[in-house]
> 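Let me begin by handing over the structure; questions about it come next.
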Amino acid sequence: QVQLLESGGGLVQAGGSLRLSCAASGRTFSFYPMGWFHQAPDKEREFVAAISRSGGNTYYADSVKGRFTISRDNAKNTVYLQMNSLKPEDTAVYYCAAQADVSEWGRRDPNVFDYWGQGTQVTVSS
C-alpha cells in the first residue's frame with residue numbers, strides 16, 4: 001500500500017505556471033505507475049497525465065498536451081506535474097494516484113488507479 005500527499009497548488013493568473021508535487025510513503029513507490037487527475041466543481045474526475053514506473057513513458061490528456069509535464073524521482077518517492085500556460089479552465093482540485101495493476105497501463109479511467117491523495121486546489125484567474 002502507498003499513501004500520497006499532494007502540494008503546490010494555489011492561485012495563479014492565466015498564462016502562469018505551477019508545479020505540483022506528490023510525495024509517497026513506503027518503499028515500493030517505484031513499483032507503481034502514477035497519474036494526475038483533476039476535478040472541477042460539479043464535474044467528474046478527469047485524467048490529466050500518467051507516467052510509467054521508470055519514468056520513461058508518459059501520456060497526457062489532449063487538453064494539457066504541450067503545456068503540462070509529468071515527471072518522477074523514485075529516489076525521493078515523488079511525482080511532479082509542471083503546469084505552464086495555465087488557463088482558467090484548468091481550475092480544479094488536482095489529485096495524484098498510484099496504479100497497482102501495471103496491466104492497466106495506458107488507461108485513463110480513474111477506476112484503474114488504486115491509491116489517491118487528498119488533492120490540492122489550483123485556481124487560475126482570467
Side-chain angles (χ1 to χ4, degrees):
Q1 193 168 355
V2 62
Q3 294 182 326
L4 304 171
L5 181 63
E6 303 93 339
S7 61
L11 173 64
V12 63
Q13 288 188 332
S17 298
L18 282 174
R19 187 194 197 201
L20 305 183
S21 299
C22 173
S25 65
R27 294 175 291 178
T28 58
F29 173 72
S30 61
F31 291 178
Y32 299 99
M34 298 294 296
W36 285 96
F37 291 77
H38 68 197
Q39 187 167 17
D42 299 322
K43 292 190 176 181
E44 294 186 350
R45 194 166 295 189
E46 296 180 338
F47 171 79
V48 174
I51 189 166
S52 62
R53 292 182 292 180
S54 68
N57 292 291
T58 59
Y59 60 102
Y60 297 89
D62 288 343
S63 60
V64 307
K65 205 172 292 184
R67 299 189 299 123
F68 291 10
T69 302
I70 188 172
S71 61
R72 68 190 295 163
D73 185 337
N74 286 341
K76 295 183 178 180
N77 281 8
T78 303
V79 62
Y80 304 97
L81 186 68
Q82 178 67 45
M83 304 187 295
N84 299 329
S85 302
L86 281 160
K87 304 175 181 180
E89 51 263 43
D90 295 319
T91 295
V93 178
Y94 282 72
Y95 299 90
C96 69
Q99 190 172 58
D101 185 352
V102 297
S103 71
E104 301 285 4
W105 170 251
R107 294 185 62 188
R108 301 168 185 231
D109 182 351
N111 292 316
V112 303
F113 286 78
D114 302 276
Y115 305 108
W116 293 84
Q118 298 283 349
T120 186
Q121 176 71 46
V122 171
T123 303
V124 184
S125 64
S126 57

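Given the structure is predicted, the values throughout are model-derived calculations rather than measurements. Heads up: numbering here begins at 1 and tracks the sequence.
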> Please report the shortest heavy-atom distance between V79 and S71, naming the atom on each side.
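V79 and S71 have their closest heavy atoms at CG2-O, 3.1 Å.
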> Who passes side chain to side chain donor-acceptor pair (under 3.5 Å) against Q39, sequence neighbours left out?
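Scan of Q39 (side chain to side chain donor-acceptor pair (under 3.5 Å), adjacent residues dropped) gives R45.
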> Taking ring pair (Phe, Tyr, Trp, His ring centres under 6.0 Å) as the test, write out the residues that go with F31, two or more places apart.
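Here no residue qualifies.
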> Run the side-chain contact (heavy atoms from CB on, under 4.5 Å) check on V48 and Y60 step by step: do they pass?
CA-CA 6 Å; V48 174; Y60 297 89; 5.9 Å; no
> Excluding sequence neighbours, so at least two apart, what forms side chain to side chain donor-acceptor pair (under 3.5 Å) with T28?
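By the side chain to side chain donor-acceptor pair (under 3.5 Å) rule, T28 matches no residue at all.
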> Does anything in residues 62-98 form a ring-ring contact (aromatic ring centres under 6.0 Å, His included)? List the pairs, not counting sequence neighbours.
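Of all non-adjacent pairs touching residues 62-98, those that pass ring-ring contact (aromatic ring centres under 6.0 Å, His included) are H38-Y94.
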> Out of curiosity, does L18 fall in the hydrophobic cluster containing W36 (side-chain heavy atoms, cut-off under 4.5 Å, transitive links)?
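The answer is yes; both residues are in one hydrophobic cluster.
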> Provide the closest heavy-atom pair for A23 versus T78 in the form atom of the first, atom of the second, distance.
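Heavy atoms of A23 and T78 come nearest at CA-OG1, 4.2 Å.
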> Under the salt bridge (Lys or Arg N to Asp or Glu O under 4.0 Å) definition, can you give me all pairs with a residue in residues 94-117, not counting sequence neighbours?
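Salt bridge (Lys or Arg N to Asp or Glu O under 4.0 Å) check on residues 94-117 returns E104-R107, R107-D109.
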> Looking at every heavy atom in both V93 and G119, which two are closest together, and how far apart are they?
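Minimum heavy-atom separation between V93 and G119: CG1-CA, 3.8 Å.
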> For residues A14 and S126, report the shortest heavy-atom separation together with the two atoms involved.
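Distance-wise, the nearest heavy atoms are CB-CA, 4.4 Å.
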> Which residue pairs pass the ring-ring contact (aromatic ring centres under 6.0 Å, His included) test with at least one member in residues 107-126, sequence neighbours excluded?
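Sorted pair list: Y32-Y115, F37-F113, F37-W116.
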> Suppose the criterion is salt bridge (Lys or Arg N to Asp or Glu O under 4.0 Å): which pairs have a residue in residues 61-73, not counting sequence neighbours?
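Every pair satisfying salt bridge (Lys or Arg N to Asp or Glu O under 4.0 Å) with a residue in residues 61-73: D62-K65, R67-D90.
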> With sequence neighbours excluded, tell me which residues meet side chain to side chain donor-acceptor pair (under 3.5 Å) with S17.
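N84.
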> Given side-chain contact (heavy atoms from CB on, under 4.5 Å), test L20 with E6 step by step and report yes or no.
CA-CA 7 Å; L20 305 183; E6 303 93 339; over 6 Å; no
> Ignoring hydrogens, what is the shortest heavy-atom contact between M34 and I70? Give both atom names and the distance.
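Closest approach of M34 to I70, heavy atoms only: O-CD1, 4.0 Å.
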> Taking a hydrophobic cluster as the set of Ile, Leu, Val, Met, Phe, Trp and Tyr residues connected by side-chain heavy atoms closer than 4.5 Å, whether directly or through intermediates, do F47 and V64 fall within one such cluster?
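No: no chain of side-chain contacts under 4.5 Å links F47 to V64.
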> So do the side chains of V124 and Q13 get within less than 4.5 Å of each other, counting heavy atoms only?
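No, too far: nothing below the 4.5 Å cut-off.
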> Ignoring hydrogens and angles, tell me if any N or O in the side chain of S25 forms a donor-acceptor pair with the backbone of Q3 under 3.5 Å.
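Such a contact is found between S25 side chain and Q3 backbone.
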> Using salt bridge (charged side-chain N to carboxylate O under 4.0 Å, His left out) as the criterion, list what pairs up with E89, not counting sequence neighbours.
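For E89 there are no salt bridge (charged side-chain N to carboxylate O under 4.0 Å, His left out) partners, ignoring immediate neighbours.
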> What's in the same ILVMFWY side-chain cluster as L11, cut-off under 4.5 Å, chained through other members?
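Besides L11, the hydrophobic cluster comprises nothing; the residue is isolated.
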> Under a 3.5 Å distance rule, please check whether T91 uses its side chain to pair with a backbone N or O of T123 as donor and acceptor.
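No; zero donor-acceptor contacts below 3.5 Å.
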> Indicate every side-chain donor-acceptor pair of residues 50-57 with a distance under 3.5 Å to a residue at least two apart or in another chain.
from, atom 1, to, atom 2, distance (Å)
S52, OG, G55, N, 3.4
S52, OG, G56, N, 3.3
S52, OG, N57, N, 3.0
S52, OG, N57, O, 3.4
S54, OG, G56, N, 3.2

> Please name the pair of heavy atoms, one in A97 and one in L4, separated by the smallest distance, quoted to 0.1 Å.
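Answer, listing the atom of A97 first, then L4: CA-CD1, 3.8 Å.
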> Which pairs with one or both residues in residues 51-93 pass disulfide bond (SG atoms under 2.5 Å apart), sequence neighbours excluded?
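Applying disulfide bond (SG atoms under 2.5 Å apart) to every pair that reaches into residues 51-93, excluding sequence neighbours, yields nothing.
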